[in-house]
Structure formats: structure tokens, C-alpha cells
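Just below is one structure, and these are the notes that go with it.
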There are 2 protein chains.
Amino acid sequence: MTDLTELVRVNDLEALRIWLVDTADHGIADELARLDPDARTYIFRLLDRNRALSVFEEMEAPLQQNVLEGLRDDRFRQLVEDMDADDRAYLVGELPASIATRVLAGLSPAERAKTAALLGYPPESAGRIMSPDFVSLRASMTVADALAKVRRAGDRAETVYTLPVTDDERRLLGVVSLRELVLAAPSNGVESMMTTRVERVRADDDQELAARLLQEADVLALPVVDTEDRLVGIVTFDDAMEVLEEEDTEDRALSVASAPLGKPYLAASVMGVARSRALWLLVLIGAATLTVNVLQFFESTIEQAVTLALFVPLLIGTGGNAGAQAASVVIRSLAVGDVRFTDLPAVVWRELRVGVLLGGLLGGAGFVPMLFIFGSDMAIVVTTSLLTVCTLATIAGSALPLLARRVGVDPAIVSAPLITTLVDATGLVVYFLIARAVLGI
Amino acid sequence: MTDLTELVRVNDLEALRIWLVDTADHGIADELARLDPDARTYIFRLLDRNRALSVFEEMEAPLQQNVLEGLRDDRFRQLVEDMDADDRAYLVGELPASIATRVLAGLSPAERAKTAALLGYPPESAGRIMSPDFVSLRASMTVADALAKVRRAGDRAETVYTLPVTDDERRLLGVVSLRELVLAAPSNGVESMMTTRVERVRADDDQELAARLLQEADVLALPVVDTEDRLVGIVTFDDAMEVLEEEDTEDRALSVASAPLGKPYLAASVMGVARSRALWLLVLIGAATLTVNVLQFFESTIEQAVTLALFVPLLIGTGGNAGAQAASVVIRSLAVGDVRFTDLPAVVWRELRVGVLLGGLLGGAGFVPMLFIFGSDMAIVVTTSLLTVCTLATIAGSALPLLARRVGVDPAIVSAPLITTLVDATGLVVYFLIARAVLGI
């Protein structure tokens, strides 16, 4: 592997140029993300206009900002002018106001108008990731007309593989693919060929919804319409894949109670990383003080049977694990559309049975060793508690994400740590109540 | 929402037919996944040949198997004969031997040969998801020749948008897109137009690698070559998206110590769900017995200061959370290629600092309330322990996934529950040692 930092340090331009020629755009973008800002700008400046654009479009917004700040005014303008309108709108949405203004000010009137139109849609909406540069057809066209239009207008378009067909009021009637046009006889009519059962999204729909629909429907691009079903843009598969990767990264961060970093891990600062985790840790440790209260309440019970304290981590740990397993599968199923809120009773009923099975299995496996080491009373207390805690945990783990979705909160917020913390306090109450009953204290 | 179960029960064919016409293929597939097997087969049989195929291709393998088992022999043969070779190979790889044999036996010789060739590649390899039905060009062709070939051979091909260019030995020279062909002058040469810096994968490469490369490179399709760089197939974006969704679902299951279900949640049996979680729960409860031993070792310390027991869940819970946060971001960064094994020292060094920051923050926030409620000794013990445990947790959480990758184990195995369980025992040792030193017992 080429050591770029070293090449920049010794200023070996020849070796850097060879590396830039040999490496794919996304490979260059990946390596630039791993360098310090100065080396990054230095190498980026070595790229010619076309490659600079294609490498730039592969970079993530915080690093794009970084590169922009290091460019002279003419290269800065050229770069943002050449960007696709949707990528540019996304970037402007992420930039601090001062540099966003500089981007918009440098644009030609046509490109500025397009960017402004996209920025008019709400953040995270399909309108923000759609491209306004599409080629649309009329139903009355022949295949030859349509291909002529593609040749005339296709150069600037984001895609020419999915061609929406509209009426006189720009309302979406159907879609024809370039493949169908190329394989058809030139005299065929577009109307007779077009697919009319077309998935579409509204510009103000959530972008994750659009991306999942594109993936589910296995299409290359999805037409975007306004409230009156008029065509306003097109979302392409690459934008959808990026949205899905981002959403998955966000869900993963939430699943362990972190805020998303919003940039590659190694490009984030130590303070930035700590900040992404601090708030949730504070909330969770706040919630965990409940366990201190519960234990304080049962302090005399512990004093009378210190052995009880030995099983606290094992018991609440197992409950947390069982709850996290249930929560995770329900959250994922909600995200990919396999489960909906109305499935709540069915889901809770199945998780109740799963919890009993798992709790029974774990309690059963532990009963005999417990019996020999700690005696029958403790064996009964611990195994009964395991059964109860596992069942409560799977029920809570499966119900909470569905309830969160119901009240409009991202179900991914029901993280393993959150479930663990909730189950901890409840589990302790169950454990000590069972202990008091069985041990008679 | 149409209640399909009800429509099947009252046998309302008219309403079912209307619903089938109104619903997209993937929508039908989604709803079928939610029905019981009999209703599923019943509705599937109402579809005509073309729609049956497109709905079938949207279904997941276990449900496809289910549908196949309910079909009469002629429809069975027709359906599997019409499938894309790559989808069929994938399905056969998932089916039990008896029904896989029935699928292969019913195929025409040409389709059987293609399927057998794909099945010759290792499971989970790019060869298993590639399509052998592609249109390839020669460098010596003109644009007009190339378009003629697309018209001639494009009907059966999986895609005609990405057209690999090969030499006489079928070695991959470059790629031309249909868009470029359509926009170019007919007399242009393919050689002068083709992109030669082409990402490719080997047929025996891992399919996740292929899918991530396709996503990173923002291409519609990726040529697949053999060990001698000869073109053998093409992986398209829809297969790649499916692989990525599956890998993400798998990683998510692993991240909470479950085995992947391999089918939609509601289509799995209660026993199947319990089985996917039982093994890991047993392993983890086995590991958690370590906490019982640690506490037993410090039993006399607890007897002398029962207050110490009150903070056990809070302390180990927080350590587990901090460790899971670190592990999750490192696992995700490894998956998307932002971090590699060689980054280990840099990653551990940054997580050490993050751990100190977070532990310091949590300890700092808790110090004053602790001081007032439990006195200075306990305040010192708990806050020092928090700092130490958080730091150990972030170090372990970040180092373990990298070490797993190094020894060839899927880093996703370093789940939140695993980290929590490991941190629990270590954290308890740290806590009681600090307690003994500070309290002088």
C-alpha cells in the first residue's frame, strides 16, 4: 500500500501522480478521508477538472467542506458549478452558512435556481436527493422520437435508463426504460409500451421511504411527483443506496445509544466521538440510579442473605441480553417493512412464548449446578427469576419499538443499552420479591 | 388495507383478482410473506405466468420453497425454467436436497447447464449471485455494430446498460455503457469510448465484497472474471442491494448475539426464533458465571460494606454501554471500509482518550450527589471505578473487533452482549479492588 502521508511529506509529485492515475475515484476518496486536512487538500489540488469532480462526488460532506475551504476561488466555483444539482443541494444543506453562501453565490443563475428549488424541500425528504435533470417523454411519441429526445437531452441528465412519460400538465402517466426503446421497432408508440403500474414518491416523502421503495421494487430510478402528481424529479439507485447506508449507520449508532458521527470514524475528532456518546450515557446512568434505589430498598434482605448479591450481574445481564435480542429483530423488521404496528398483539404473544422457552432453557440448564453449590432454595430463587426476567425482557423488547413507531419516534431509539437499563431495575424487583417469598425473609 | 386472510376464507375470487391487479409485485410478495402457507399458495396460484414469475422473484427463499411445494408439476417447471439463472442458482443453494433435485430435473438442458455452472462457485461467492446472461462487445466494433448486438442479444440478458468489452480470449478490456452508445455517433469505435479503469471482482470473491465495491464505485453492474481475468458474468445493482440488506440484517442479529433468522420475522416459527437466540444466551450465561465467582471472592468485602452491592448494576451497566458504543462504531467502520486492522494502535489510542473523557464526565456528574448521600469514601470509590471501567470498556470494545477481523472471524461477533459480559467481570474486580484500597477493608 502506498504511504500517502510519506509521499506528501517528501513532496514526491511523480509518485503521487502515478498513484492518482492508478486508483479509482472512490479509492482516492477513501484514502483522502484518512489523511490530515492539509495533505488532503494538497493531493486533491493535483487532480484535473474532471477527476477532481468525480473524486469530490465520492467524498462525504464534512470532507467536501474541508476540500472546498482549501481551494482557490476559480477552482472552487468550477467544482461546485460542475456538480450534479442533487449532490450540490445535499452538500449545501450540510455546510455552515458562511461557506454555503459562498457556494450559492459562485453558481450560474440556472444551476443556482435548481439548487434553490431542491433546498426548498424539507431536510431528509425525497426532494432533497432527487435530480431535477431528467428526460421525460410524451405518450404520443414514437420510439424514434423518444430516442431522438434522449440523444438531444441526455447529456446533462442524471439518468436516461428510466424515462418517465407525462401528459400535457406534466402529470406522470408511466415509465419506459431505455432498454425497451432500444430493443423496440422505431415506429412503435411509447404509449403502448409504457409500464403504467409505476411506483412513485412525493417530493416531501421521507428519503428513507423512497430508498426502501426503490430497493423493494428493484428499479433503477423512481419518479418523484408533487402533491398534484406532476413530475418534479427522479431519484436514482446510487442516491438510494447512499441513503440506505447512512440510515443503517444511524440505526447502528442508535442501537448502542450513540448519536451518529456523520463522518468516517477516523475523520472525526476525539471530542466529536465522545460527544456522540456522552448524552445517552448520562441519560442511561441517570436511569440506572433506579437500580441503586431498588437495591437500597432491599438492603436488609441482602444483609440477611449476601449470597443473593452474587447473582445480580448474571441475572440482569441475561435479562438485558434477551430483551436486546427481541428489540433488535423487531426494529430491523420494522425498518425493512416485515412488521407493522398492527402486528403488536401477534408480536408480543410470540415473544412471550420465546421468552418462556429461553428462560426455561437457561433456568433448566442452571438448576442442577445451583442445587449442588448453593442449595435448593437459592436454586429455586435464581431459576424462577431467570424465567420471569427473560419473559419480561422479550415482551418489553418487542413491544417498545412498536410503541415508539406508533407515537412517531424512531424505533431504533429502543437500543440494547436502553432495554438493558429498563430490565435491570425491573429484574431486581422480581428477583428480590421471589427471594423473600422463597427464603421467607 | 385489504384483509387477505378473510378474502381467502370466504373465497372471494373477484376481490382477490382486483387486489392482485392493483398491487405491485413486491407488495404482493410482502403480503404473501405474512399469510399462512395454505393461503399463500392459494393466492399465488391465481397469478398468470408472467406475474407469478415476477412476484416469485421478489420472495425470500424459504417462502419460495413453500410456494414451489404447493404447485402442480407443470407450473412448477415453467416457473423455475423462466427464472433468471442467478436467482435460480441462489434458490437451489438454499433448498433442501429433495426439492433442489426436482428443480434441476425439470429444467431444459441449457438452463440446467447455466445453473450448474453457478452452483460450482463457493456459497456466498460473487459467482453465486452473478448472471451468466450478459451482452459483451469487442473493442473493434463500431457503435452501430454494438447497438445491433444489443438489439440481437439483449432480450435474454440480465442488463444491457453495462456492456463489458473483451479481447479474443474473453479477457476483460473495459466497459461501455448503453447511454454512451446511444449518445455517440454510430461510426465511432467502441475502443476509443470504453472506460478501461474498470472495477471487477473474481467469481470466487466474497459476495459482500462485490456488493460493497459496486456501491462504492457507484456503478450499475460489475463484471465478474475468473482467475485469468476472463469474463464469466456480471453482478447487477439489485443483487448487490439484496446482498447488502442481508448482510446488514445478519450483522444486526449478531450485534445482539443472535443467529440470523434467514426469513421474515413473522414467517419464522416460535421455536425457530428461540433457537436463533438460545445458543448465544447459553454461552453468555456461561461466561456470566464468572461474575458469580468474582463476587464470591469478594463476599467478605460485601458483608463488611453492603452499600458496595448497591452500585454493582449501575457500574457494570455503564461499562457495558460504553464498550458496546465503541465496538459498534468500529464494527460498522470495518464493514464499510473506513477502518482496517493496521489502524489498531490509532483506534485504541483514540478510544482510550474517549473512555477517559466519558468516564470522567460520568464520574464528575455523579460525585457531588454521591458525596452527600453516601459520603466521601463511597463517592471516591464509585467515581474512580466509573472512570477506570469506562476506559477499559472502550479499549476492549474497539480492540476486539479489529483482532477478530485479524484472525479471520466476522468482527460483528463482538456483540454488545459479549462486550457487556466481558466488562462485567473485569469491572467488578476493578471496583472491589478500589473499594478495598479506599475503604481499607
Side-chain angles (χ1 to χ4, degrees), chain A residues 24 26 150-151 154 160-161 179 182-183 199 215-218 237-238 241 248-249 252 256 258 264-265 270 273-274 277-278 281 284-285 288 291-292 295-296 299 302-303 306 309-310 312-314 316-318 321 324-325 328-329 332-333 338-339 350 353-354 357-358 361-362 416-417 421 424, chain B residues 24 26 150-151 154 160-161 179 182-183 199 215-218 237-238 241 248-249 252 256 258 264-265 270 273-274 277-278 281 284-285 288 291-292 295-296 299 302-303 306 309-310 312-314 316-318 321 324-325 328-329 332-333 338-339 350 353-354 357-358 361-362 416-417 421 424:
Chain A
H26 66 93
V150 169
R151 289 201 185 90
V160 293
Y161 295 141
R179 176 185 185 140
V182 166
L183 296 185
E199 300 286 354
Q215 173 174 38
E216 286 255 302
D218 267 350
F237 84 102
D238 50 325
M241 281 183 110
D248 274 330
T249 299
R252 293 288 278 276
V256 289
S258 304
Y265 176 68
V270 169
V273 173
R277 304 180 192 167
L281 278 185
L284 291 171
I285 207 172
T291 61
V292 180
L295 289 170
Q296 219 168 0
E299 201 166 347
I302 302 175
E303 272 164 2
V306 176
L310 307 187
V312 164
L314 178 137
I316 63 179
T318 304
N321 294 344
Q325 288 176 329
S328 171
V329 75
R332 181 68 182 168
S333 299
D338 286 346
V339 159
R350 83 189 343 236
R353 288 174 292 162
V354 171
L357 279 172
L358 292 174
L361 171 75
L362 298 177
T421 308
D424 279 2
Chain B
H26 66 93
V150 168
R151 288 201 186 90
V160 294
Y161 296 140
R179 176 185 185 140
V182 167
L183 296 185
E199 300 286 353
Q215 174 175 37
E216 287 256 301
D218 267 350
F237 84 102
D238 50 326
M241 280 182 110
D248 274 330
T249 299
R252 293 286 279 278
V256 288
S258 305
Y265 176 67
V270 169
V273 173
R277 305 178 190 168
L281 278 185
L284 291 170
I285 206 171
T291 61
V292 180
L295 289 171
Q296 219 168 359
E299 201 166 349
I302 303 174
E303 272 165 358
V306 175
L310 307 188
V312 163
L314 178 136
I316 63 180
T318 304
N321 293 344
Q325 288 176 329
S328 170
V329 73
R332 181 69 183 166
S333 301
D338 285 346
V339 159
R350 82 188 345 233
R353 288 174 291 162
V354 171
L357 278 171
L358 293 173
L361 171 75
L362 298 176
T421 308
D424 280 2

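Numbers restart at 1 for each chain; the letters A, B, ... are given by sequence-line order, proteins then strands. These values consider heavy atoms only, across backbone and side chains, with no hydrogens, waters or symmetry-generated copies.
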Original post:
With sequence neighbours left out, what residues match Asp248(A) under side chain to side chain donor-acceptor pair (under 3.5 Å)?
Top reply: Arg332(A)

Subject >> Val182(A), part contacting chain B, at a heavy-atom distance under 4.5 Å >> reply: both

Original post:
For the candidates Gln296(B), Glu199(B), Gln215(B), Arg350(B), which exhibits the highest count of non-hydrogen atom pairs separated by less than 4.5 Å from chain A?
Top reply: Arg350(B)

Original post:
Between Leu281(A) and chain B, which part of the residue has a heavy atom less than 4.5 Å away: side chain, backbone, both or neither?
Top reply: both

Subject >> Leading residue by heavy atom contact count with chain A [cutoff under 4.5 Å; candidates Leu361(B), Thr421(B), Leu358(B)] >> reply: Leu358(B)

Original post:
What part of Leu284(A) gets closer than 4.5 Å to chain B, counting heavy atoms only: side chain, backbone, both or neither?
Top reply: side chain

Subject >> Spacing of CG belonging to Asp424(B) relative to OG1 belonging to Thr291(B), to within rounding of 0.5 Å >> reply: 6.5 Å

Subject >> Atom group of Leu357(B) that falls short of 4.5 Å from chain A, counting heavy atoms >> reply: side chain

**OP:** Indicate the atoms forming the closest heavy-atom contact of Val160(A) with Gly154(A), along with that distance.
**Re:** CG1-CA, 3.7 Å

**OP:** Below 4.5 Å from any heavy atom of chain B, which atoms of Val329(A) appear? Answer side chain, backbone, both or neither.
**Re:** side chain

Subject >> Proximity breakdown for Ile316(A) and chain B, heavy-atom pairs closer than 4.5 Å >> reply: side chain

Original post:
Hey, is the main chain of Leu314(B) close enough, under 3.5 Å, to the side chain of Thr318(B) for a donor-acceptor pair?
Top reply: yes

Subject >> Listed partners of Tyr265(B) passing ring pair (Phe, Tyr, Trp, His ring centres under 6.0 Å), at least two apart >> reply: none

**OP:** Could you have a look at Met241(A), Gln325(A), Arg151(A) and say which one has the most heavy-atom pairs with chain B under 4.5 angstrom?
**Re:** Gln325(A)

Original post:
Relative to chain B, which of Leu295(A), Val354(A), Asp338(A), Leu310(A) shows the most heavy atom pairs under 4.5 Å?
Top reply: Leu310(A)

Subject >> Interface moiety of Thr249(A) toward chain B, non-hydrogen atoms closer than 4.5 Å >> reply: both

**OP:** Under 4.5 Å, counting heavy-atom pairs only, tell me which of Pro313(A), Ala288(A), Ala324(A), Pro264(A) racks up the most with chain B.
**Re:** Pro313(A)

Subject >> Selection from Arg277(A), Glu216(A), Arg353(A) maximising heavy-atom pairs under 4.5 Å formed with chain B >> reply: Arg277(A)

Subject >> Residue selection (most heavy-atom pairs with chain A, distance under 4.5 Å) from Val273(B), Asp238(B), Val270(B) >> reply: Val270(B)

**OP:** Compare all side-chain heavy atoms of His26(B) with those of Asp218(A) and state whether any distance is below 4.5 angstrom.
**Re:** no

**OP:** Identify which of Val339(A), Leu362(A), Val312(A), Ile302(A) forms the greatest number of heavy-atom pairs closer than 4.5 Å to chain B.
**Re:** Leu362(A)

